[in-house]
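Have a look at the structure below before the remarks.
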Amino acid sequence: MAPHHLPFYLAPGSGTDTLMVVMGVFLIGVILWVGTLYWKLHSLPERMAHKSQKLQFEFVAVLGLISLFTHMHIFWVAGLLLALIDLPDFGTPLRSIADSVEKIADTTPGEVSEDGQPGPPPSQPTGPAKEREHNHV
């Protein structure tokens, strides 16, 4: 004895509830969208460090994984700060200095070679270099 003009959102007595089906599909879509947004936001520090070729990329990635599995947001914030900060490269200049010192050590006159023979004696400056040399004593 139902009235003939029921609103569209009410399910008929013998059919499926179309509003519930539409809302179920909408809910699944929103959950997938929010999950994708969460993953994009969570991987933001790692993508920033990778894009700018930062030296600390691996450290930022590890902090992101730790924050993902422990749910401690301080690790994510630390990773974001490390991704934003450009740490100076101390390794390249120090490596260059070490290589230069090694070259100087290999070519130093008066050094004993591997076979026990002394190296060539130090050469005396001649020409314009000798004229520029001053004795301050």
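It should be emphasised that the depicted structure is a prediction, and the values quoted were computed from it without experimental measurement.
Of the possible polar contacts, one joining the Trp76 side chain to the His42 backbone as a donor-acceptor pair under 3.5 Å is found. Under a 3.5 Å cut-off, the side chain of Ser43 and the backbone N or O of Trp39 do form a donor-acceptor pair. Looking only at distances, no side-chain donor or acceptor of Gln56 sits under 3.5 Å from a matching main-chain atom of Gly79. Side chain of Arg47 to backbone of Lys40: a donor-acceptor contact under 3.5 angstrom is found.
Under the 4.5 Å side-chain heavy-atom criterion for ILVMFWY residues, no single connected hydrophobic cluster contains both Leu84 and Leu82. Val62 and Leu81 fall into different hydrophobic clusters, defined by Ile, Leu, Val, Met, Phe, Trp and Tyr side-chain heavy atoms under 4.5 Å apart, directly or through other members. Clustering ILVMFWY residues whenever any of their side-chain heavy atoms sit less than 4.5 angstrom apart, transitively, puts Met23 in the very cluster that holds Val34. Val77 and Met48 fall within a single hydrophobic cluster, where Ile, Leu, Val, Met, Phe, Trp and Tyr are joined by side-chain heavy atoms under 4.5 Å apart, directly or via other members. Linking ILVMFWY residues whenever their side-chain heavy atoms come closer than 4.5 Å, directly or via other members, leaves Val22 and Val30 in distinct clusters.
Other residues, nucleotides and ligands contribute more than 12 heavy atoms inside 6.0 Å of the CZ atom of Phe57. Within a 6.0 Å radius of OH in Tyr38, other residues, nucleotides and ligands contribute more than 12 heavy atoms.
Nearest heavy atom pair, residue Ala83 against residue Pro45, reads CB-O, 3.4 Å.
Expressed to the nearest 0.5 Å, how far CG of Leu32 lies from CG of Leu37 amounts to 12.5 Å.
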Stepwise side chain to side chain contact (heavy atoms under 4.5 Å, CB included) test for His50 and Val60: CA-CA 9 Å; His50 182 70; Val60 170; over 6 Å; no
